[in-house]
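This report concerns only the one structure given below.
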Amino acid sequence: MKKLAFSLCALLVVSILLFSACAQEAPAPAPTPAPTPTPTPTPTPTPTPEAKVLKLGLSTPLTGFGATWGIYCLRSAEILIEQYNNAGGINIGGEKYQIEMTYYDDRYDATEGAIICNRLLYEDNVDVFTVFSGGAATAATDITNKAGRFQFGTSFAEGEPSPDAPMAFARNIRYPEVVSAGLVWMAENHPDWKKVACLGPNNPYGQMAQKMTNEWSSELAFEVVATELYEPATSDFTPILLKIVALSPDVIDITASSPDATAQIVKQVRELGYTGPIQHWSGPNLQVGVEVAGAEAMEGVLGGTEWGKPYTPEQQALIDAYLAKYGPPFITYTLTMHVGHQALFQALEKAGTWDDAVLTETLRNGVFDTVAGKTRFGGAAWYGIDNQLLFPFQIATYKDGEIMRVASAETGSYPEK
Amino acid sequence: MTIDLFTQSVLVGLTLAAIYALMAMGMTLMFGILGIVNIAHGALYMLGAYGIYYIYSVFGLNFYLAMVATIITIGLFGLFMERAFYRPVKGHFAPVIAITLGLMTILESGGFLAFGFEPKGVFAPISGVSAILGVNIANYRLLVILITVVLVGGLYYLIHRTRMGINMRAVEEDRVAAVLQGVNVNRTNAFVFALGVGLAAAAGALTSPLYSVIPTMGAMPLTKTFMVIILGGMGSIPGAILGAIVVGLADSVLAVTVGVELAYIFVWTLIIVVLIFRPRGLLGAY
């Protein structure tokens with residue numbers, strides 16, 4: 001009896017501690033966490049009974065490997081939805097619709113992604129299904145394709161987007177686009193960088209990035225001196241970095257590394273005395289690197305799909321909205337996610353419907369004004385279908401305490417196949 | 001591979017070995033004396049890292065004092081864990097496994113809620129590099145090795161030169177006889193558990209300046225810990241240290257010479273071969 005009473009008390013204490021942690025202001029801003037395995041949907045503000053509603057579903061990683069990207073996908077959507085709803089709603093076919101978003105944490109995992117896709121489509125009955133990326137997106141593509149449903153978001157794996165899934169659109173520029181644009185820029189602006197050492201995660205994305213780099217090497221006249229892959233859960237990169245630094249590369253390319261891994265790699269390679277350039281073309285989140293590795297270590301690291309100052313008025317407006325809602329620091333990957341969301345919402349208004357087939361054609365054939373500039377869908381030369389988002393590729397670097405814009409390059413060119 | 005690269009990879013491997021040893025000693029103590037396989041060990045490592053982040057990076061206390069404070073705080077949490085969760089199910093394998101798995105999940109998920117989703121950084125208390133045998137190694141990595149040696153020495157002194165150490169050895173050897181000799185087994189168990197938790201927290205605190213601090217940071221160290229104690233022998237502290245050195249050096253030297261994948265294959269092959277010929281591990285008692 002005494003043992004039972006003590007255990008119950010202990011459970012009560014733990015519960016109180018956990019719930020008080022939830023109630024406290026977190027040291028860093030955090031999104032409203034999505035429910036895990038058997039969740040309850042978390043809609044945005046309930047509209048008036050008379051208001052029409054457009055139901056948007058989002059599957060995005062909020063924990064685990066992809067969280068440092070997926071959180072900003074969610075935040076971008078939340079900000080844009082709030083803007084549309086505050087303006088009366090999204091205009092579809094001449095009528096205003098309040099947008100209600102239901103989202104779940106897919107942990108960047110295929111099994112979770114499949115469960116969530118089915119739940120959003122068949123239990124929550126969303127009108128438009130979106131997914132961030134990763135294995136969750138690949139699993140979802142299989143489901144939406146069989147069901148003849150539109151899907152916004154594909155994985156970064158080879159073979160996506162594909163003519164076999166004509167309604168699945170890539171919501172972000174992907175490795176073929178960013179590596180191509182980044183390497184072309186590198187060859188034009190740093191012709192002295194002849195020895196490139198590649199280090200990436202041992203997953204389809206890391207492998208694809210290194211494959212693209214190898215494919216461009218002869219065309220752009222540089223040599224790939226190392227192609228090292230690490231397990232995604234790795235935190236100590238020093239052994240691999242020792243090997244790489246010993247090759248005296250002109251630049252170390254860490255494209256496809258998560259922002260967290262990027263920060264650790266930069267921290268650890270600087271410890272080894274490497275002061276040379278480091279480049280990452282697919283969203284390194286330089287700000288996260290500064291928080292973890294420190295400003296001095298991050299100095300000069302080049303980031304692609306990384307937004308720097310000076311910002312355009314449209315970009316600044318998003319930054320201000322983000323800071324007002326979530327507090328500092330602003331993570332620039334939110335801008336990257338915003339491009340796709342803006343294109344999608346403009347396409348919905350242009351199409352006048354969320355009908356899967358009509359929305360697909362509108363997206364594929366339209367040009368949209370986003371925070372990146374003129375944005376369209378293309379890529380048939382590489383993918384066989386124009387379902388790949390293309391927008392001006394932003395290159396930035398961390399310099400003197402700020403993330404500074406270096407260049408902007410058009411995407412859509414690919415190496416000879 | 002040049003001699004300089006080899007030397008540097010050995011030094012880096014010793015840093016990894018130090019971290020693995022701290023984790024493994026804590027877990028092997030728990031197994032040897034309490035019979036517990038603590039799957040939540042990685043989560044406690046994570047709490048150690050967050051402990052030093054807040055006490056040192058946020059509140060500004062001296063790093064070394066912050067480390068002591070972190071170890072004591074998380075160790076006290078370990079006392080609570082032992083009393084609340086493990087003692088009621090002591091001796092029952094399946095409930096212990098279920099509870100440790102549950103605690104690991106609760107602590108990791110709770111970590112995201114309490115500490116946020118963005119990675120945190122802890123900056124090393126000493127910077128710069130030193131030349132050792134003609135190669136450069138970060139001063140902080142040398143500090144990690146030094147602190148680990150001090151902690152191992154302290155543990156040795158505790159086990160072999162103190163009353164509590166005698167009690168611990170008595171309970172491990174023969175619980176019933178220990179009780180008959182007047183040893184308070186519950187108090188000894190609680191102390192051992194807290195000590196194991198404190199060692200995990202120490203490992204997390206020490207590694208926080210090397211890596212980023214996130215709630216899931218304990219997953220890989222937990223895997224390495226299991227590799228170390230299986231290789232070295234469950235319940236053996238010298239085995240844990242030996243296993244840590246083997247795995248740490250393999251992770252570094254082999255990764256540099258033959259690549260990461262082959263390094264993994266080598267270590268697991270070694271573990272399997274050792275277990276076939278010596279099921280209790282290199283120096284294990286069980």
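Below, chain A is the first sequence line, B the second, and so on; all start at residue 1. Scope of the values below: all heavy atoms of this structure, side chains included, with no hydrogens, waters or symmetry mates.
Shown here is B:Phe6, whose CZ atom has no more than 12 heavy atoms of other residues, nucleotides or ligands within 6.0 Å.
Both tests do not hold together for A:Lys267 against B:Tyr211: distance to the six-membered ring centre under 6.0 Å, angle to the ring axis within 45°.
Summarising the geometry of A:Leu229 relative to B:Glu261, their closest heavy-atom pair is O-OE2, 3.8 Å, with the distance given to 0.1 Å. For the pair B:Val256 and A:Lys243, the tightest heavy-atom approach, listed with the atom from each and the gap, is O-CD, 3.0 Å.
Neither the backbone nor the side chain of B:Glu108 comes within contact range of chain A; no heavy atom of the residue lies under 4.5 Å from a heavy atom of that chain. Proximity to chain A is absent for every atom of B:Ala219, based on heavy atoms less than 4.5 angstrom apart. If you measure heavy-atom distances from A:Asn202 to chain B, the contacts under 4.5 Å come from the side chain alone. Residue B:Leu16 touches chain A through its side chain alone, counting heavy-atom pairs closer than 4.5 Å. Only the backbone of A:Ala293 comes within less than 4.5 Å of a heavy atom of chain B; no side-chain atom from C-beta onward does. Neither the backbone nor the side chain of B:Ser57 has a heavy atom closer than 4.5 Å to any heavy atom of chain A. Neither the backbone nor the side chain of A:Ala263 comes within less than 4.5 Å of any heavy atom in chain B.
Going from atom OH of B:Tyr140 over to atom CD of A:Glu271 covers 10.0 Å, rounded to the nearest 0.5 Å. Between A:Asp105 atom CG and B:Phe112 atom CZ the span is 8.5 Å, to the nearest 0.5 Å. Interatomic distance, OG of B:Ser212 versus CD1 of A:Ile265, reported as 11.0 Å (0.5 Å rounding). Distance check, rounded to the nearest 0.5 Å: CG of A:Leu242 to CG of B:Asp4 gives 11.0 Å. Rounding to the nearest 0.5 angstrom, the gap separating the CD atom in A:Gln264 from the CD1 atom in B:Ile214 is 7.0 Å. One distance of note links OG of A:Ser235 with CD1 of B:Ile19; it measures 8.0 Å at 0.5 Å rounding.
Annotation: side chain of A:Pro239 is not in contact with side chain of B:Asp251 (no heavy-atom distance under 4.5 Å).
Within residues 130-137 of chain B, no residue has any heavy atom closer than 4.5 Å to a heavy atom of chain A.
Each of A:Asp236, A:Thr238, A:Ile240 has some count of heavy-atom pairs under 4.5 Å with chain B, and the biggest count is that of A:Asp236.
Side chain of A:Gln268 to backbone of B:Leu210: a donor-acceptor contact under 3.5 angstrom is found.
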